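So the structure is just underneath, and the comments pick up after that.
Every chain is numbered from 1 and lettered A, B, ... according to where its sequence line falls, protein lines coming before strand lines. All of these numbers come straight from a predicted model, not from anything done at the bench.
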Amino acid sequence: MTKPIQAIRGMNDLLPDAAQRWRRIEQQVIGVLGAYGYREIRLPIVEQTELYRRSIGEVTDIVEKEMYSFADRNGDNLTLRPEGTAGCVRAGIENGLLYNQIQRLWYCGPMFRHERPQKGRYRQFHQVGVEAFGMSGPEIDAELVLMTARLWRALGLTDIALEINTLGTPHSRAGYRTRLVDYFESHQAAFDDDSRRRLTTNPLRILDSKNPALSGLIAAAPSLLDHIDDESRAHFERLKTLLDGAGLRYRVNPRLVRGLDYYTRTVFEWVSSQLGAQATVCAGGRYDGLVEQLGGKPTPAAGFAIGLERLVEICGLSQATSPTDAPVQVYVTMLGERAEREGLALAEALRDRGLAVLCNSDGGALKNQLKRADRSGATFAVLLGEDECQNGLASVKNLRADEAQQQLSQAALGAYLRRRLGLDPA
RNA sequence: GUGAGCGUAGCUCAGUUGGUUAGAGUCCCGGAUUGUGAUUCCGGUUGUCGUGGGUUCGAGUCCCAUCGCUCACCCCA
């Protein structure tokens, strides 16, 4: 045997049982999005590298070391999308969807980041992304959050909690950042290497550190909420009022910081305790500056992304049993050359009548063919041998109930099976 | 990129202080029924013990390297 080729690390196959569970969950998600008037948009998986450099931020981990980038044959620098928002905004600008318009959009598909795989984190992973353009008020922020809450209810999820925060405007955040760096620099001795590095790259993330040695220092740090501008504070207060009014429970987490540079004002995150270290199932927020930053007219925007691997993981834990795909209804066994020839035609005729039919293939003793019929999940087996063929008949055996085997004309077979399967009235 | 744990049949796993020809269940195939499944009985194939070195009379077992998987750090959906 030659050496088999393996899948790329962190890129997983979804086998039929898993694919079925995924599709079921995706359909639930899409159903809820549709109920809020969101429409699907399909976007390329590859974009110019520059798009991500300009949107996600030059100094983020994603851009610095996680992107799958390569030179196209003509020398263009392309990248497998590490997230969906940038591409969606690019498409919106390019196709005139955002100019003086309100848009509610969603998309679904694979994203790529070169990280070390672990539970809930893969190099090819899948997101459902939702973006709302042209609305600057907190009502749309609330709508996005309420929509996700409805989705969790639809999926029967209970172990999932909402955290919200506001980042203010880029200007007020920059001021806070300076204050924070000043504060931390005076206490640098206690820092671990990671936090020391973050001091220059992303100081706000130090607030999120898991190092218990820093918890006292972090608790005493200046708070972002004390430094944001009045308009952002009013926006945030109004959002909380709207969520309260809708009866939604949440926790204000002043240390909640998104990793991508384009977020402004509202950010939120849904977390579950069932996912290990990668607890975030869904996260998003407002990004009022991004459209302009990518060459469009200034346009307020907000959105979120759901990590499908993580969502499927916690759905699997809450749904004890997962129903299977609709099984085939009829299995056709065939003995002999003539039966094999006529059986294929007979199966086609049954499918013409709307039946799901599995045809035996590669011969085998009748005993084996019936074994396969049983395993296929079919309700009825149709037996075709020399005897049946010579008389234009077919034998029908019920595989799920103890009843006498029938023999009837091939012409009457379709109607009989439809009636017995409950597709036509008796 | 860093660290830890784990790699034995298609799948789930056993394998003693290093000891003969590496085991069980499941799955698959054949038979008990010249054409009748899911139960039962009988028989059969499961394999470069992840890979490559080393120690030893002898390595699935000990050591080193390497690859892969898993979890965590980091990062994030």
Side-chain angles (χ1 to χ4, degrees), chain A residues 1-4 6-10 12 15 56 60-66 81-85 108-130 148 192-195 197-198 201-202 205-206 208-211 256-260 268-272 275-285 303-314 331 333-336 339 360 362 364-389 395-402 404-405 407:
Chain A
M1 280 221 300
T2 53
K3 194 163 71 177
Q6 293 181 292
I8 305 301
R9 156 176 263 220
N12 300 315
L15 304 184
I56 296 169
T60 57
D61 277 24
I62 292 178
V63 169
E64 279 186 338
K65 49 194 185 195
E66 294 176 1
R81 63 182 185 194
E83 59 103 38
T85 299
C108 175
M111 308 290 166
F112 303 84
R113 291 181 201 170
H114 190 104
E115 302 180 88
R116 190 79 166 255
Q118 71 181 73
K119 186 180 175 72
R121 189 174 77 182
Y122 309 96
R123 289 185 175 176
Q124 175 176 326
F125 61 103
H126 298 78
Q127 288 186 339
V128 171
V130 175
T148 52
D192 52 70
D193 289 345
D194 281 327
S195 294
R197 175 176 53 78
R198 289 194 194 111
T201 58
N202 194 346
R205 278 219 83 91
I206 300 175
D208 227 359
S209 173
K210 292 175 185 170
N211 185 348
L256 177 61
V257 178
R258 308 269 67 245
L260 283 51
F268 66 90
E269 202 166 279
W270 288 93
V271 296
S272 168
L275 286 169
Q278 311 298 328
T280 305
V281 181
C282 168
F304 64 82
I306 299 170
L308 277 175
E309 280 80 1
R310 295 177 188 180
L311 181 62
V312 170
E313 170 88 20
I314 59 178
Y331 190 102
T333 70
M334 298 164 290
L335 283 177
N360 188 74
D362 281 4
L366 179 63
K367 170 183 158 147
N368 252 354
Q369 295 194 31
L370 281 169
K371 198 182 254 189
R372 293 173 197 159
D374 181 50
R375 275 198 306 263
S376 77
T379 309
F380 288 99
V382 168
L383 284 64
L384 223 52
E386 281 302 320
D387 296 349
E388 285 87 350
C389 286
S395 297
V396 179
K397 183 183 177 72
N398 189 331
L399 297 168
R400 307 299 156 200
D402 191 17
Q405 185 170 314
Q407 214 172 48

Inset, instruction - Determine, for nucleotides 71-77 of chain B in 5'-to-3' order, which nucleotides have protein heavy atoms under 4.0 Å from the base (write B), from only the sugar-phosphate (write S), or from neither (write -). - result: SBBBBBB
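- In this structure, Lys371(A) reaches the sugar-phosphate backbone alone: every heavy-atom distance under 4.0 Å involves primed, P, OP1 or OP2 atoms, never a base.
- Look at the C1' atom in both rC62(B) and rA77(B): the space between them is 44 Å, to the nearest Å.
- As a whole-Å value, the separation of Arg9(A) CZ from rG7(B) C1' is 14 Å.
- Atom C1' of rU55(B) sits at a distance of 7 Å from the matching atom of rC63(B), rounded to the whole Å.
- Rounded to whole Å, the separation between the P atoms of rA24(B) and rG47(B) comes to 14 Å.
- A pairwise comparison of heavy atoms in Gly303(A) and Phe268(A) identifies O-CE2, 4.3 Å as the closest pair.
- The strand RNA chain B forms stems, runs of 3 or more Watson-Crick or G-U wobble pairs with distances below 3.5 Å, at B:1-7 with B:67-73, B:10-13 with B:23-26, B:28-32 with B:40-44, B:50-54 with B:62-66.
- One can place CZ of Arg372(A) at 13 Å from C1' of rG30(B), the figure rounded to the nearest angstrom.
- Atom P of rG60(B) sits at a distance of 10 Å from the matching atom of rU21(B), rounded to the whole Å.
- Although no hydrogens or angles enter the test, the distance criterion places no donor-acceptor pair under 3.5 Å between the side chain of Arg113(A) and the main chain of Lys65(A).
- In this structure, Asn360(A) and Arg372(A) approach most closely via the heavy-atom pair OD1-NH1, 3.1 Å.
- Within the 4.5 Å cutoff, no side-chain heavy atoms of Cys108(A) are placed close to those of His126(A).
- Nearest-nucleotide positions on RNA chain B place Arg375(A) closer to the 5' end than the other of Asn398(A) and Arg375(A).
- The separation between Leu335(A) atom CG and rU36(B) atom C1' is 10 Å, rounded to whole Å.
- The base of rG35(B) is paired with the side chain of Glu388(A) by a donor and an acceptor separated by under 3.5 Å.
- Counting heavy atoms from C-beta on, the side chains of Leu335(A) and Gln369(A) come closer than 4.5 Å.
- Here the P atom of nucleotide rG37(B) and the CG atom of Leu366(A) are 8 Å apart, to the nearest Å.
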Inset, instruction - Run the numbers on Ile62(A) and Glu83(A) for side-chain contact (heavy atoms from CB on, under 4.5 Å), then give the verdict. - result: CA-CA 9 Å; Ile62(A) 292 178; Glu83(A) 59 103 38; 5.7 Å; no
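- Side-chain contact between Ile8(A) and Gln124(A) is absent, with no heavy-atom pair separated by less than 4.5 Å.
- When the C1' atom is compared between rC6(B) and rU61(B), the two are found 15 Å apart, to the nearest whole Å.
- Computed from coordinates, the Leu370(A) CG to rG37(B) P distance equals 7 Å when rounded to whole Å.
- Look at the P atom in both rU48(B) and rU8(B): the space between them is 12 Å, to the nearest Å.
- Between rC57(B) and rU51(B), the distance separating the two P atoms is 25 Å to the nearest Å.
- If you check rG68(B), rC29(B), rG37(B) against the side chain of Gln6(A), the one that comes closest is rG68(B).
- Gln127(A) places no side-chain N or O within donor-acceptor distance of the main-chain N or O of Gly129(A), the cut-off being under 3.5 Å.
- We find that CD of Gln407(A) is positioned 17 Å from P of rG35(B), with the value rounded to whole Å.
- Qualifying salt bridge (Lys or Arg N to Asp or Glu O under 4.0 Å) partners for Lys119(A), counting only residues two or more places apart in sequence or in other chains: Glu313(A).
- As a whole-Å value, the separation of Gln405(A) CD from rG35(B) C1' is 9 Å.
- A distance of about 6 Å separates the C1' atoms of rA59(B) and rG18(B), rounded to the whole Å.
- Contact annotation for Gln369(A): no contact, since no heavy-atom pair falls under 4.0 Å across all strands.
- When every heavy atom of Ala283(A) is checked against every heavy atom of Glu269(A), the shortest pair comes out as CB-CG, 4.0 Å.
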